[in-house]
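Encoded as structure tokens, the structure appears first; notes follow it.
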Amino acid sequence: MTAASAPSLSLSAARAILGVAPGADERELRAAYREAAKRAHPDRPGGDAALFRDVLTAYRMLQGVEPPAGLGFPPATVQTPAMPSQAVLEIEPAFAFSGGALETEVGGRRLRLTLPAGLRHGDTVRVGETLLIVRVKADPAAMVRGHDLWLTVRLDARVLAEGGRVELDTVIGPRTVWISTKAAERGLVRLNGQGLPARAAHSAGDLFLRLERTGAVHESAARSQLKRFAAAWAA
């Protein structure tokens, strides 16, 4: 139905615009208005601004209210989405490195999650309507600093003193490292790009191995023999 916007409407024209019969109650009137307004709204395909104004005028008239001067469109209703509930998800540094399956309790519910590798402190994971905020635990043997992973490994004093290529057991698996004289003195080895893996906007970090000496240094037979040979040669 089309309508030319007029300064005023008759009651019969108002009923025709809304498609209601004389004597329609408030519930019928409201339902008819919503349907007519939806069809005529200018933001919809096939809508008509003039007809939309007439629909509103007709509804006000049939309610017994004079349409206000300068009638415009009613403001759109904006629904604000509900904020998700939040909870803290604590993970070990080794789990932050590797990711995988994890069970946790949130709001009294036991959940089994599969999380990606490379989670950082402050990252979020959404589970249904709950937002989990990641916190990476820290202890003296394993710690996350930004993108970097710091691990403490125990190493026999003799192996540390001799240096060279060494296989180390860590909480993220075995690592083969080269221990130089300088690294042995500092007690620290840095493996570039082997820290927390890259994820989303995070770049890959480095792996720092703190070398903790165990036991006393006992010189090997081969080293003792080499020293004796060098002393004899010097004499």
Side-chain angles (χ1 to χ4, degrees), residues 79-218:
Q79 294 184 344
T80 303
M83 293 297 291
S85 60
Q86 295 185 356
V88 173
L89 175 64
E90 286 194 331
I91 59 175
E92 300 288 345
F95 190 87
F97 174 84
S98 62
L102 175 71
E103 286 192 359
T104 188
E105 187 171 307
V106 176
R109 295 180 301 155
R110 196 70 184 170
L111 301 177
R112 183 173 178 82
L113 311 175
T114 300
L115 301 177
L119 285 172
R120 269 69 164 176
H121 191 85
D123 282 354
T124 57
V125 177
R126 184 154 188 163
V127 181
E129 296 301 316
T130 302
L131 196 65
L132 302 179
I133 304 173
V134 175
R135 288 184 182 171
V136 182
K137 298 178 183 178
D139 62 59
M143 182 166 34
V144 171
R145 293 179 177 174
H147 305 313
D148 301 331
L149 181 60
W150 289 67
L151 304 178
T152 298
V153 293
R154 299 171 64 84
L155 192 62
D156 185 84
R158 181 183 61 80
V159 176
L160 186 59
E162 292 180 353
R165 187 174 181 271
V166 178
E167 186 85 7
L168 299 176
D169 289 325
T170 75
V171 295
I172 60 172
R175 289 293 184 274
T176 301
V177 300
W178 179 267
I179 299 179
S180 63
T181 303
K182 185 177 181 180
E185 291 174 353
R186 295 176 58 196
L188 185 67
V189 173
R190 179 176 185 171
L191 302 178
N192 294 329
Q194 297 190 37
L196 294 183
R199 176 181 173 273
H202 301 310
S203 58
D206 297 335
L207 175 61
F208 291 85
L209 299 175
R210 292 176 293 201
L211 308 176
E212 185 176 281
R213 189 190 307 268
T214 61
V217 178
H218 298 291

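Keep in mind it's a predicted model, so treat the numbers as computed, not measured.
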Requested in this report: Measure from the side-chain N and O atoms of Asp169 to the backbone N and O of Pro174, and report whether any donor-acceptor pair falls under 3.5 Å.
Outcome: no

Query raised in the report: Counting only heavy atoms not in Arg110, do more than 12 fall under 6.0 Å of its CZ?
Result: yes

Query raised in the report: Could you state the interatomic distance from CD (Glu212) to CZ (Arg154), rounded to the nearest 0.5 Å?
Result: 5.0 Å

Query raised in the report: CG/Leu168 to CG/Leu151 distance, rounded to the nearest 0.5 angstrom?
Result: 10.5 Å

Requested in this report: Please round to the nearest 0.5 Å and tell me the distance separating atom CD of Glu90 and atom NE2 of His121.
Outcome: 9.0 Å

Query raised in the report: Is any side-chain heavy atom of Ile172 closer than 4.5 Å to a side-chain heavy atom of Gln194?
Result: no

Query raised in the report: Between Asp206 and Gly195, is there a donor-acceptor pair closer than 3.5 Å when you use the side chain of the first and the backbone of the second?
Result: no

Query raised in the report: Under a 4.0 Å N-O cut-off, is there an ion pair linking Lys137 with Glu92?
Result: yes

**Report entry** Closest non-hydrogen atom pair between Ser98 and Ala117, with its separation
**Finding:** O-CB, 3.4 Å

**Report entry** Arg135 atom CZ, over 12 foreign heavy atoms within 6.0 Å
**Finding:** no

Report summary line: For Arg175 and Phe97 the tightest heavy-atom approach is NH2-CZ, 3.6 Å

Query raised in the report: What distance do Leu211 atom CG and Leu188 atom CG have between them, rounded to the nearest 0.5 Å?
Result: 7.0 Å

Query raised in the report: With a 4.5 Å limit on heavy-atom distance, are the side chains of Leu89 and Leu115 in contact?
Result: yes

Query - Non-hydrogen atoms of Leu196 and Gly146 that approach each other most closely - result: CD1-O, 3.9 Å

Query raised in the report: Under 3.5 Å, side chain of Thr214 to main-chain N/O of Leu155, donor-acceptor pair present?
Result: yes

Query raised in the report: Got a second to check how far Leu160's CG is from Glu185's CD, nearest 0.5 Å?
Result: 10.0 Å

Query raised in the report: Arg199 and Leu119: which non-hydrogen atoms are nearest, and at how many Å?
Result: CZ-CD2, 3.7 Å

Query - Close side-chain approach of Leu207 to Leu209, heavy-atom, < 4.5 Å - result: yes

Query - 4.5 Å side-chain heavy-atom contact, Val189 and Val153 - result: no

Requested in this report: Determine the minimum heavy-atom distance between Thr124 and Ile133, stating which atoms define it.
Outcome: CG2-CG1, 4.3 Å

Query raised in the report: What's the spacing between Leu191 CG and Asp148 CG if we round to 0.5 Å?
Result: 11.5 Å

Report summary line: Between Gly163 and Val166 the two heavy atoms that sit nearest each other are O-CG2, 4.5 Å

Query raised in the report: With under 30° as parallel and over 60° as perpendicular, where do the rings of Trp150 and Phe208 fit, or are they tilted in between?
Result: parallel

Query - Whether Arg120 side chain and Gly118 backbone form a donor-acceptor pair below 3.5 Å - result: yes

Requested in this report: Give me the one residue out of Val88, Leu113, Asp123 that meets side chain to side chain contact (heavy atoms under 4.5 Å, CB included) with Leu132.
Outcome: Leu113

